[in-house]
Structure formats: C-alpha cells, structure tokens
Amino acid sequence: MAYWLFKSEPDTFSLDDLQKLGHSPWDGVRNYQARNYLRSMKPGDQGFFYHSRVDPPGIAGLCKVISQPYADPTALDPKSKYFDEKSTPDNQRWSLVEVAYAEHFAHFVTLEQLRTHPNLGKMLVTRKGNRLSITPVEPDEWNIVLQLGRGK
DNA sequence: GCCAACGTTGGC
DNA sequence: GCCAACGTTGGC
C-alpha cells in the first residue's frame, strides 16, 4: 500500500465536497508525471487531501483510493473543460482513480508547518515551484503529518 | 491579482 | 532536437 498527496483548489473541489459525495473520480489530471503516479495507484492506497490556492495552503484531511486506474472519460468529452482533442478512444492519454472520503483532520496542517518541520523538509509538496497535483508520500512523512493533523 | 516556476507546443 | 513563445499553477 502506498501513500499519496492529492492537491486541489477548494474553490473547485474541497475535502468537504468529497465528504458530501462520499467518493468521486479524480478527473482532469493533464500532466504526464502526475498521470504516471495515478497509473501506479492501487485500491487501498491512502492520500492526503491538500488545499492549494487558499490562505493558508495545507492538508485538510485524508482520502482513500478505491478503484484501479482507468481512462479519464472527460478527455473525450468535448463539453468538458478537461477535453483533450488529442485523446481518442484508441489512444487514451489520461487516467484517473476513484477516491473516497476518509476524514477531516482535527488540525489543518499548513504548508508552513510542513516546511518548518525538521523531518518533513523533503516532502515534494514543500519544494519551491512544485506544480505536481499528485505526489508520492513516504511512510515516515505520512505518520508525522498524521500526528500533526490528528493532534494530541 | 501578481508573477516566478514550470510544462507543453510548434517552427525551424 | 532545440528553444522561444505561450499557457498554467500556486504561493504570496
């Protein structure tokens, strides 16, 4: 089982939104590196739900992968904002997984906290200029952030 | 809203 | 295959 960080702008799709829906396809990823991470996911993998472009940015809670990766149908839908004219039924460039709500952290873990924590400096999301919407998380990083988020 | 950082595109 | 131009992301 692997750990991931899923980034989303809460104005578009927040952890609250995922909670209301229960689960949702994580569609619209249009970056090859992020797509490759999606394609390596397995049901049961766990994820941080990160809120970007808000003040402060940070991790709001947890979600869980509940499907195998499959082709992102929005790439073939001309009406979707994620439509990709270079995708065809025979050549599906983009993938997604279904993600389920897991929990809200008692304490929102800010990007600042991640950056200043002595053992989290290597987290990819803290790197300057990082624009990947999905990044892998190391098990020790996962455990530290979990403690910060759940508080004690 | 600004703009640095980064990924993609396309002419050559 | 290079790289300038362009579009997007996301912290601030």
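What you are looking at is a predicted structure, and each value in this text was computed from that prediction instead of being measured. Below, chains carry the letters A, B, ... as their sequence lines are ordered, and counting in each starts from 1.
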**Fill in**
Going 5' to 3' through nucleotides 5-12 of chain C and flagging B where a protein heavy-atom sits under 4.0 Å of the base, S where only the sugar-phosphate is that close, and - otherwise, we get --BBBBBS
Quiz: residues 51-69 of chain A side-chain donor-acceptor pairs under 3.5 angstrom, not counting sequence neighbours:
residue	atom	partner	partner atom	Å
A:His51	NE2	A:Leu15	N	3.2
A:Ser67	OG	A:Glu98	N	2.8

**Closest-nucleotide 5' rank along DNA chain B - winner of A:Arg93 and A:Arg127** = A:Arg127
**Message:** Checking side-chain polar atoms at under 3.5 Å, does A:Asp77 have a donor or acceptor matched by the opposite partner on A:Ser80?
**Reply:**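 Looking only at side-chain atoms, A:Ser80 and A:Asp77 do not form any donor-acceptor pair under 3.5 Å.
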**Message:** Could you tell me if A:Arg30 and A:Thr74 have a donor-acceptor pair between their side chains, going purely by distance under 3.5 Å?
**Reply:**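 The answer is yes; a qualifying pair exists.
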Sequence neighbours left out, cut at 3.5 Å: what donor-acceptor pairs do the side chains of residues 35-44 of chain A make with other protein atoms?
residue	atom	partner	partner atom	Å
A:Arg35	NH1	A:Arg93	O	2.8
A:Asn36	ND2	A:Tyr32	O	3.3
A:Arg39	NE	A:Ser95	OG	2.8
A:Arg39	NH2	A:Gln92	O	3.4
A:Arg39	NH2	A:Arg93	O	3.3
A:Arg39	NH2	A:Ser95	OG	3.4
A:Ser40	OG	A:Tyr37	O	2.8

**Complete:** Nearest heavy-atom contact between A:Pro25 and A:Tyr70 is CB-OH, 4.2 Å
